[in-house]
Amino acid sequence: MATNPLSEIRSGRAAKAMTLRSLGLNPYPSRSKRTHYNKTIFDDFAAHEGKVVTVAGRLMSWRKQGALAFAHLQDQTGKLQLFLRRNLVQPTDAATGRLGYAETNLLDIGDIIEATGKVIKTERGEISVLVEELRLLTKAIRPLPDQWAGLKDREQVLRKRYLDTILEPASFDRFGKICKMVAAIRAFLNQRGFLEFTTPIIQPQYGGGTAKPFKTHVNALGCDMYLAISHELYLKRLIVAGYDKVYTLGRYFRNEGIDRSHHPEFSMVETMTAYENYEYNMNLIEDLFRHVAVTVFGKTTFTVRSHEIDFGKPWRRVSMAEAVKEKTGVDFRECGTVEEANQRLAGLNIQENQPSIGEALVKAFEVTVEQGLIQPTLVFGHPIEISPLAKPMAEDSRFVERFEIFIAGMECGDNWSEQNDPVNLLETWRKAYRAEERDAGKFHTLDFDFIEALEYGLPPTTGIGPGIERMVMIFTGQENIDDVIFFPMMRPTISPLNAAIYGVQESSVAPVEDLALSVDDFESLCKEGVIQPFARNLIVKPHVRLWSGTTPAGKSRASGHVEIEGFFSNSVLQLAGYKVVFEERLPEDEEKQKVLDLVNASLVKFLREKFPQCHVTVSPATVMRQSC
RNA sequence: GGGUUGGUAGCUCAGCUGGUAGAGCAGUGCCCUUUUAAGGCAUUGGUCCAGGGUUCGAGUCCCUGCCAACCCA
């Protein structure tokens, strides 16, 4: 086992656990006798003064001063000081699991402990527990990061969020608030008569939105399925089933980009309400935001991206076409042809031609208006071209009964009156459906099972689907989605330190694909353009195996394979081949050189010719010796 | 996809024009009966992200790659 500073600290702490065992103390007992949370004592000292309490939590500081010691104990509610006097702490006792004063040197910062004693104030006036009984509840064998500097390494914060929440009260509080927000959303909808249903995450078809799905395979049924990109079509089936107000608060999966406002796995609360239209939802969403603001945060104004946002006031409602006209003077409703619409777009300095008038309007909206929508705004009347599931407006069928929520320039939810005419919907879908785009995830599949459900009659229905993370970002003032998802998606890795400590190969955890191809296969795949270099620098690493001992003339004494870095991100392309037959036994250096020459003459030459834009380098050969 | 900055001890960070690898915290040992990031003395601890290159000599300069953050599209 490799030694490094961390593993020494680790084994030192583990040794303390062994010492405790030898004293008859279990370093990992099964329960605590906690009677009070820290905050309860701290908030009402008068009621607790002189009373004996038992507190439990993580040991965060330890200041020993001869026969006195001061410590801070952190529990879910906050920190509280422990005050230890040598002569007041009960001696070590195996029966009760007590730890005497002398044995406190077996404690470390980060350990989970329990302390029983009277609530007092020290001479300096700090509320403390004067410890009579001390128990170790869990021995921590890894040191916490420096608690004053905190965990600054962004990657570590995301990978080891639990350390962030131990050290940063603000992070700890934020994630607690997020849970309360989710609870408040549920309470709000339940109180309004909504029923929460569970809808499938693994779905045979991905519908209800346009996104690239995650694909999975169901062994029991022998077929491929997809992780939900939306739950909408199931909610609508529930309306068909006879429930008037339903919702699901679920996980959504979109196999697309990751940036500070997008995460492949996210949450949304999605509702469906029968016998209402989108105007009902405009009110519902306003009320929902206000309810969460007041019940979880006790206020209606929030600072979002340095803007003061007020959720108390009625939200502005404006149609998309009107908003664009207001901002730019261009009214896309007056356009008769796509060409005309694209001309107007060009007039706004947007050069990308759009395939329809509606899409031109959306483009203009996105470019000119969206960023400027700071106060909560409901933008309604989307073009029908981009809204195949929404119901056209009675007054102008080019637009649909749909609205999006914008807060501080961010889109925070998409909502519409559902198209419930099965014939119309099927027609729209067929028009929009382009087989070649299906696999690219640009458009959902044709879901005839859903159309059939609609044919039995879906009452007039409307739904809202605010993203939980976006909502949380607004309410908690975070600008990065990773800060509102406790366990954000990261590339799996194992640090060199942990690899050494746990005795594993780094590569066994990292997602490295060793693709073994024959040299001929590789060359033909490159020629066909099937595989292409990922990086401009290709590193060729020959691995040569030499057989020692006597080998009959004419038999191979060396073989080799070659790894090429630069064809895939984070992975090595492994080529098998290069057996070398030696007629006579040669010195090892010459044999090695022979294999390298072969590599140079064929593979390197091929790579340089095929990919002249790449820089091809050959690493020194790795030589393995093996006896016959 | 483009640009900028960064990667040095368990954590937070120094390290100048290239010349023996540094501090604070944490750890270890000792002293200390009211501390608040306690204090004092001593002390352990490093593949300087990886691979190449330049050089007598590279944490430092050059090239390539990996990872991260930020900004832009």
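A note on names: the letters A, B, ... follow the listed sequences, proteins ahead of strands, and every chain is numbered from 1.
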S.K.: Among rU34(B), rA37(B), rC11(B), which is the nearest nucleotide to the side chain of L151(A)?
M.R.: rC11(B)
S.K.: Mind checking the CZ-CG spacing from R135(A) to D93(A)? Nearest 0.5 Å is all I need.
M.R.: 11.0 Å
S.K.: Can you list, in residue-number order, the parts of residues 56-71 of chain A that come under 4.0 Å of RNA chain B, counting heavy atoms only?
M.R.: R63(A), K64(A), Q65(A), G66(A), A67(A), L68(A), F70(A)
S.K.: Heavy atoms from C-beta onward define the side chain here; which of rC70(B), rG10(B), rA37(B) lies closest to that of N480(A)?
M.R.: rC70(B)
S.K.: To the nearest 0.5 angstrom, please state how far the CG atom of L106(A) sits from the CG atom of L136(A).
M.R.: 9.0 Å
S.K.: According to the interplanar angle, ranging from 0 to 90°, do the rings of H48(A) and H36(A) count as parallel (below 30°), tilted (30 to 60°) or perpendicular (above 60°)?
M.R.: perpendicular
S.K.: Determine which nucleotide pairs with rG59(B), using a 3.5 Å limit on both distances of a Watson-Crick or G-U wobble pair.
M.R.: none
S.K.: Which is true for R260(A) with a 4.0 Å heavy-atom rule: it touches a base, it touches only sugar-phosphate, or it touches nothing?
M.R.: sugar-phosphate
S.K.: If you check every side-chain atom of K152(A), which of rU12(B), rA37(B), rU33(B) has the closest atom?
M.R.: rU12(B)
S.K.: Applying the Watson-Crick and G-U wobble criteria at under 3.5 Å, what pairs with rG46(B)? Answer none if nothing qualifies.
M.R.: none
S.K.: With the side chain of P143(A) defined as its heavy atoms from C-beta on, choose the nearest nucleotide among rC13(B), rA68(B), rG10(B).
M.R.: rG10(B)
S.K.: For rC11(B), what is the paired nucleotide under Watson-Crick or G-U wobble rules, both distances under 3.5 Å?
M.R.: rG24(B)
S.K.: Does rG6(B) have a Watson-Crick or wobble partner in any strand here, with both distances under 3.5 angstrom, and which is it?
M.R.: rC67(B)
S.K.: From C-beta outward on D146(A), which listed nucleotide comes closest to its side chain: rC11(B), rU34(B), rG27(B)?
M.R.: rC11(B)
S.K.: Using Watson-Crick or G-U wobble geometry with both distances below 3.5 Å, tell me the partner of rA38(B), or none.
M.R.: none
S.K.: Name the nucleic acid region contacted by K16(A), choosing base, sugar-phosphate or nothing; use a 4.0 angstrom heavy-atom cut-off, strictly under.
M.R.: sugar-phosphate
S.K.: For F172(A), enumerate each residue passing the ring pair (Phe, Tyr, Trp, His ring centres under 6.0 Å) test, keeping only those at least two apart in sequence or located in another chain.
M.R.: none
S.K.: So what does R13(A) touch, heavy atoms closer than 4.0 Å: a base, only the sugar-phosphate, or nothing?
M.R.: nothing
S.K.: Applying the Watson-Crick and G-U wobble criteria at under 3.5 Å, what pairs with rG1(B)? Answer none if nothing qualifies.
M.R.: rC72(B)
S.K.: Counting only Watson-Crick pairs (N1-N3 plus N6-O4 or O6-N4) and G-U wobbles (N1-O2, O6-N3), all under 3.5 Å, who is the partner of rC32(B)?
M.R.: none
S.K.: Describe the nucleic acid contact of G150(A) in one word from base, sugar-phosphate, nothing, applying a heavy-atom distance below 4.0 Å.
M.R.: sugar-phosphate
S.K.: Is F42(A) atom CZ crowded by more than 12 heavy atoms from other residues, nucleotides or ligands, each under 6.0 Å away?
M.R.: no
S.K.: Could you report the tightest heavy-atom contact between E411(A) and R470(A), atom names first, then the distance?
M.R.: O-NH1, 2.5 Å
S.K.: Picking from rU36(B), rC67(B), rU28(B), which would you name as closest to the side chain of Q81(A)?
M.R.: rU36(B)
